[in-house]
Amino acid sequence: MHYYYQPHYYHTPYNHTTYQPAVRAPLSNHRPMHQPAQHAQPNLMRYVAQRNIAPAQRNQNPQSSNGSPSPYPAVDPELLYESANESNKLMKEASLVLDKLASSKEFGARLMDVAQHSNTQEVERLIHSVGITSDVDIKYNPDGLELEFKSKVQNLDCCKLSISLRWR
């Protein structure tokens, strides 16, 4: 008959992270330590078989890491793909505005002047004259300009790109 010593670590008010053994020795398993566990090999083979199938087939029957059915639905990256493409479009359009402001002091001075006179329609016209086709919210104050580019995919707000520029 074998007895296993199991140390007990009592919680103290001075140490909130008291040591707890990560793995407890099973008291009912009396097999020699050099024998492999009988259940380890099938799980490993299931994992290897799952890794060898194509990702599209893997998503059809999602399983967790232990081989049981996953509680989460299969992933569909289509919306993420479309959102990323729309975001690229927004970045290109924001780049058009930034390039115009960086290359033309006259354009910047005109924009600041009409903003100072609170001529919102002219500010919007100047920003859109660069070639913007996306929906953009334009806000300005005496300190700067804020542009928020927005886009939709499948009637969902998918993307938003904000730019803040100071001019004072």
Side-chain angles (χ1 to χ4, degrees), residues 16-18 20-24 37-168:
H16 297 289
T17 58
T18 56
Q20 293 292 325
V23 178
R24 295 178 187 245
Q38 298 297 324
H39 65 282
Q41 193 65 24
N43 285 340
L44 176 64
M45 295 310 290
R46 190 176 325 159
Y47 174 74
V48 170
Q50 185 181 12
R51 294 287 297 165
N52 288 337
I53 62 175
Q57 293 173 346
R58 225 181 293 153
N59 288 340
Q60 290 174 356
N61 188 13
Q63 292 184 348
S64 64
S65 60
N66 64 3
S68 64
S70 174
Y72 304 108
V75 297
D76 181 16
E78 187 63 31
L79 182 60
L80 178 63
Y81 172 79
E82 291 177 17
S83 295
N85 283 326
E86 283 296 314
S87 294
N88 272 338
K89 179 183 168 193
L90 294 179
M91 289 179 66
K92 287 176 184 173
E93 291 191 357
S95 182
L96 289 173
V97 174
L98 294 175
D99 288 344
K100 183 69 172 182
L101 289 170
S103 64
S104 174
K105 287 187 178 182
E106 295 82 22
F107 180 80
R110 176 79 178 133
L111 182 68
M112 290 174 69
D113 185 51
V114 296
Q116 185 175 359
H117 289 95
S118 297
N119 190 347
T120 305
Q121 290 179 341
E122 184 64 16
V123 170
E124 290 178 0
R125 190 196 66 75
L126 284 171
I127 295 294
H128 284 284
S129 71
V130 177
I132 304 285
T133 59
S134 298
D135 183 25
V136 59
D137 287 340
I138 303 168
K139 298 176 187 167
Y140 54 90
N141 57 37
D143 293 330
L145 174 69
E146 293 180 19
L147 304 172
E148 187 175 83
F149 295 85
K150 299 178 186 178
S151 186
K152 291 186 177 191
V153 170
Q154 300 173 3
N155 292 328
L156 296 171
D157 292 329
C158 70
C159 324
K160 204 181 283 189
L161 178 65
S162 299
I163 298 176
S164 297
L165 300 169
R166 287 193 62 118
W167 59 41
R168 186 176 80 148

For the backbone of Met91 and the side chain of Ser95, can you confirm whether one donor and one acceptor N or O come within less than 3.5 Å of each other?
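Checked: no pair found.
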Would you please name every residue forming a side chain to side chain donor-acceptor pair (under 3.5 Å) with Ser151, sequence neighbours left out?
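By the side chain to side chain donor-acceptor pair (under 3.5 Å) rule, Ser151 matches Glu86.
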Could you work out, with side chain to side chain donor-acceptor pair (under 3.5 Å) as the rule, every residue matching Ser134, not counting sequence neighbours?
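So Ser134 forms a side chain to side chain donor-acceptor pair (under 3.5 Å) with Glu93.
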Once you round to the nearest 0.5 Å, how far does [atom1] of [X] lie from [atom2] of [Y]?
X      : Y      : atom1 : atom2 : result
Ser104 : Asp99  : OG    : CG    : 12.0 Å
Asn119 : Leu111 : CG    : CG    : 11.0 Å
Asn88  : Leu161 : CG    : CG    : 10.5 Å
Thr133 : Leu90  : OG1   : CG    : 9.0 Å

Minimum heavy-atom separation for [X] to [Y], with atom names?
X      : Y      : result
Tyr140 : Ala115 : CE1-O, 3.3 Å
Phe107 : Leu126 : CZ-O, 3.4 Å
Pro142 : Trp167 : O-NE1, 3.2 Å
Leu147 : Ile138 : CD2-CG1, 3.8 Å

Can you establish whether the number of heavy atoms outside Gln154 located under 6.0 Å from its atom CD is more than 12?
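Enclosed: over 12 neighbouring heavy atoms sit under 6.0 Å from CD of Gln154.
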Filter on salt bridge (charged side-chain N to carboxylate O under 4.0 Å, His left out), then keep only pairs touching [range], sequence neighbours left out; what's left?
range            : answer
residues 122-132 : Arg110-Glu122, Glu122-Arg125
residues 73-83   : none
residues 126-148 : Asp137-Lys150, Asp143-Arg168, Glu148-Lys150

CA sep, side-chain torsions, deciding dist, call: Leu98, Leu165, side-chain contact (heavy atoms from CB on, under 4.5 Å):
CA-CA 10 Å; Leu98 294 175; Leu165 300 169; 3.9 Å; yes
Test Ile163 against Val97 for side-chain contact (heavy atoms from CB on, under 4.5 Å), laying out the working first.
CA-CA 10 Å; Ile163 298 176; Val97 174; over 6 Å; no
Set of residues satisfying side-chain contact (heavy atoms from CB on, under 4.5 Å) with respect to Ser103, sequence neighbours excluded:
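Result, side-chain contact (heavy atoms from CB on, under 4.5 Å) vs Ser103: none returned.
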